[in-house]
Each structure stands twice: as structure tokens, then as C-alpha cells.
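Worksheet: the structure to be examined is printed underneath.
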Amino acid sequence: MWGYGVVALCLLGVGGVWGGYEFPAEFQFGAASAAFQIEGAWNVSDKTASVWDNWLHRAGSEFNGDVTCNSYNQWQEDVEAAAALGLDYYRFSLSWPRLLPTGLPNEVSEDGVQYYNQLIDGLLARGIEPVVTIYHWDLPQNLQDLGGWANPLIGEWFADYARVAYSKFGDRVRRWLTINEPFSFCVAGYDYAMHPPGMSWAGVADYICIKNVLLAHARAWRVYDEEFRNKYHGKVALCNHMVWIEAEEDDDGTAELVRQIYVGLFNHPIFSKKGGWPPAIEQIIEKNSKEQGYPRSRLPSFTKDEIKLVRGTFDFLAMNHYTSRVGRHTREGESALTYVLGLAEVDGVLYTRPEWRKAGTSWFYIYYEGMRKQLKWLKDNYGDVEILITENGYGDADGLKIQDDERITYISEMLKQVLLAMHEDGVRVVGYTVWSLLDNLEWDEGFTPRFGLYQVDFDDAALARVPRASASYYAGVITSRSAEYTNTTSS
Ligand code: GBH
């Protein structure tokens, strides 16, 4: 089907090394946001505090989410911005404490429901599909006080919350993401205290969090499957962050072990035929734990029933991808530099190559080929699954800036890698989502990193959404089905 376009472009010599492939007509383009990062209105009506409200209200924090983009009141401007791009879908998240003030479903906030009803209906009226993340990190503080993601009951609490979301919005929402990036909150929240709840207990607390997330996702997927699928015919998936782990030439197998930790822990239990933890990692952590004097593995095991509960709980695979690292074994005299999610289990270190340019946030190094390699790895490990790229985008620290050529280059190069993965590696990618529609509150990094296709000046009370050059580039991608970017505007 793509053949004609490819041949034509090659004859014209436009293709370059990436082949000049085009996106098929059914491929979809979207943009994303998350409730805490854009809504503001943190205490209106019956909404209670989330862990992020409280985390950024602590003494010494120079910013908070009280207003941010004020999307709670200015959501119509977000819909207009999405419509101006010609998006097929807009991915946003529901705020748990806005919908369920106690965290539990005994009370459902009418104002909360009305807010999301308006947004969903507003999108549909402009022909934009709402793709809804049920949980994007803003846990009700009430539930955190009971242990949050470390309390095994969170699986029931989350499934109850998901049931409310499906029953209120499932008539109009056909694609659901249960939980956004457990890697991020289980690691930044439990390994090194950069996110709430602010623990630093790598190798114990992070693993408990991950196991509970998998069970919570699985229960929520099964609620949809058993109670809503026949009526609404929608799709549900867990949404995972994936850092591509590149191997050195003399790699001794460590890089693949790190992949099985960074991506495998979150995906193997769901997508592999057998289910459960990646076997190699499970064995290594059990052995390490026993040698360290623990009575059993620090990686909590799954019972047979839990393996069955989690296995197969997907309708597609949702991947957020931004950046890559090289992973290798520590060298003689070098101690493990980081103990971040299990690296120490395999004596691994991560670093970046000098040619991988750093973008505008601490963790963001650019390696375009990582996108293609990560997609291919997913196919090799989990088979021919439908993949939706639920986030990719470019964060700069350049302040207000309309002519954002670096962002355009990044998106364009990443889209070329997606096309290569689809055409040359046969990976079934069905859509691509830019993070983010708007500049917003970048969690612990405040308002400095900017990811928006639309600029927002947070010092201006109007909080106008102003399209950047990347917005018109992306609108062009959507109509032309091509990733090509010709820089004609700047010198
Ligand atoms: C995603 O996180 C999030 O889903 C989204 O909300 C966010 O705004 C967007 O991407 C852009 O960042 O210890 O230095 O790694 C991307 C992955 C994982 C990057 C957590 C920041 C914590 C700081 N993030 N990580 S660090």
C-alpha cells in the first residue's frame, strides 16, 4: 500500500537514508496532556488534595499546580488548539481526587464529572477522539496516607475508580490508558525521593510499587473486559515509559538484562506467553536477596493466580519514548554509579554517548535510532502487537520562543524512525502522540522545561495558547502523511 509513495519519493530523491516512507491513511496522530500538569483549580468544589498538590505546597517549593494552564476553566481553548492542529485524538487524564474526593467510590463529584463531560463532548463536536488516561500520578492524598502504591489494597481502589470512569464516560471514550508510566512514579517516588511519596528505598519499595501497579492495571482491565466491553467495544492498555538501552560493541549481556529490568518488569507479566516477571531478572534478584540476608526475594513474587490475573491484560501496547542510554557492566575499579531500579542487581551502569545532544531537561539525551530499536525490541519480545506511541516530544529550556526548530527537527527525525520501524521491521504502530499540546507544569522541574506545540506564558494572566512553528509543522504532517521538514523560515 505504501509502495507507490515510496517509489515516487525515491525517484524525486527526497527520501534520504530513511526511505521517504509515508504514513498510511489509517495511521492516527494525537497530542497529550495530564490533569495535574494543566488543570489548576486544585481545590475548587469538592476536589481534595492529590499527592502532587501537597508535594509542591511543601515549604521551599517555588512553584505549584494551583493554576498552571488553568485548563479547568480554559478547556475550550485546548479543544480549539487541538482542532487547529487537525488531531485525530487528544490524550488527557482524569484527576482521581477531582472525581472521587475520598479516593473511594462512595462519593462521585458531580462537578468533576461535569468537567470531563464538557471536555469529552467538546472534543467530539470537533471530530477529535478523546483518549483517556485514568491515572497520571495525582493520587488522592487520602489513599497515600494509607500507603498508596505500597498498600496491596490499591488494586481494588484503582479498579473501583476505573469502573466509575468507564461507567460515566465509556459511552464516548473508546481508548483507555489505565496508568501512566509506573517506571516514573515507582522509581522517582521510591528510589530517590524526587516524586511523592519521597522515599529512597531502591531494590525494595520500587519493586513493591511495580507489583501493585501491575495488579491494579490488571483488575481495571478486567473490569472493562467483563462489564463494559460488550456494550462499548473499547480498548484498554497500561502505558509504559521506555528508555532504549543501547549495547556496547563488547557487551557481555548486561544491556539486555537492563532492558529486561527497565522494560521487561513492566511488560513481561502482561505481554509474554508465560506471564510473570522476566525469568532471568527474577532469578538474579532472588539470588542477590538471599546473599544479602533477606529471607526471600526483594522482588515480591506473583502467585499462580496473580500471574493469570495479569497475563494478557492488553488490547494494545502503549509506549512513551523520549531518550536512550548505553547500558554496560561496571568496569574494574568502577563502582555502580547509580542504584536506579535494579541496576545494582546486574552490576550495571548507564551513561550517554558524547554525540547524543542534551535537550532542555536533566534526563533528556537525543538518540533518534533508539525509537526504532525500542519498537523492534518490543516486537521481538512480545510478538506482533498493536502499538500506540502515547508520548514523544521535545523539552527545551529556552523560555518563550515561537520559532522552535529544534522541536520540529526532533519530532521529524523521530517520525522517520517510526516509519522505518513500520516499513522495514514490520512493527505494527497505529498512532503517534506528541507530548505535549501545551507548555505545562513539568512535575519536579517546574515550568522551565517546555514541551508544548503551543506556548503558554505563565506570567500572563490570560494564559493564551500561542501556536509555535512546531504546531504548523505537525499540522502539515497530519495532512501530508509525511515526516519531512524543510527549514525555510529561520536563517
Ligand atoms: C513523561 O515522563 C510524563 O508522562 C509526562 O507527564 C511528562 O511531562 C513528560 O514525559 C515529559 O517529561 O530522575 O531525572 O529521570 C517522561 C519520563 C520519568 C522523566 C521521570 C523524568 C524523573 C526525573 N520521566 N523522570 S529523573
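Start at 1 and go down the list; that is how both ligands and their atoms are numbered. All figures in this text were calculated on a predicted structure; none of them were measured in a lab.
Using a 30° and 60° split on the angle between ring planes, Tyr322 and Phe364 fall in the perpendicular class, above 60°. In this structure, Trp55 and Trp52 have perpendicular ring planes: the angle between them is above 60°, well past the 30° mark.
Not one N or O of Trp363 is nearer than 3.5 Å to an N or O of ligand 1, by distance alone.
A cation-pi arrangement is present between Arg175 and Tyr89 under the rule of less than 6.0 angstrom and at most 45 degrees off the ring axis.
The shortest separation from a heavy atom of Trp443 to ligand 1 is under 4.0 Å, placing the residue in contact. Using a non-hydrogen distance threshold of 4.0 Å, His136 registers as a contact of ligand 1. In this structure, Tyr192 has a heavy atom closer than 4.0 Å to ligand 1. Contact analysis puts Ser362 in contact with ligand 1, with a non-hydrogen atom separation below 4.0 angstrom.
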- What do the steps show when you test Leu265 against Ile281 for side chain to side chain contact (heavy atoms under 4.5 Å, CB included), and what is the final call? CA-CA 8 Å; Leu265 284 181; Ile281 303 305; 4.1 Å; yes
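Summary of contacts: the protein heavy atom closest to atom 9 (C) of ligand 1 is Tyr322 OH, 3.4 Å. When only non-hydrogen protein atoms are considered, atom 23 (C) of ligand 1 lies nearest to Met194 CE, 3.7 Å. Summary of contacts: the protein heavy atom closest to atom 24 (N) of ligand 1 is Ser184 OG, 3.8 Å. Counting protein heavy atoms only, atom 2 (O) of ligand 1 is closest to Glu181 OE1, 2.9 Å. Among protein heavy atoms, atom 22 (C) of ligand 1 sits closest to His195 NE2, 4.2 Å. The protein atom (non-hydrogen) at minimum distance from atom 8 (O) of ligand 1 is Glu442 OE1, 2.7 Å.
A distance of 13.0 Å separates CZ in Phe183 from CG in Asn180, rounded to the nearest 0.5 Å. A distance of 8.5 Å separates CZ of Phe451 from CG of Asn440, quoted to the nearest 0.5 Å.
Close contacts between ligand 1 and Phe451 involve ligand atoms 11 (C), 12 (O) [criterion: under 4.0 Å to a heavy atom]. Close approach of ligand 1 to Glu391 (heavy-atom distance below 4.0 Å) involves ligand atoms 1 (C), 3 (C), 4 (O), 5 (C), 9 (C), 10 (O). For ligand 1 and Asn180, the ligand atoms under 4.0 Å from any heavy atom of the residue are 4 (O).
With a 4.0 Å heavy-atom cut-off, ligand 1 is reached by the side chain of Trp435 but not by its N, CA, C or O. Contact annotation for Thr361 and ligand 1: no heavy atom of the residue comes within less than 4.0 Å of the ligand.
With sequence neighbours excluded, no residue satisfies disulfide (SG to SG under 2.5 Å) with Cys239. Legend: residues meeting salt bridge (charged side-chain N to carboxylate O under 4.0 Å, His left out) with Asp121, ordered by chain and number and at least two apart, are Arg172.
A donor-acceptor contact closer than 3.5 angstrom is absent between the side chains of Asp138 and Ser50. Side-chain contact, Thr313 with His217: a donor N or O sits under 3.5 Å from an acceptor N or O.
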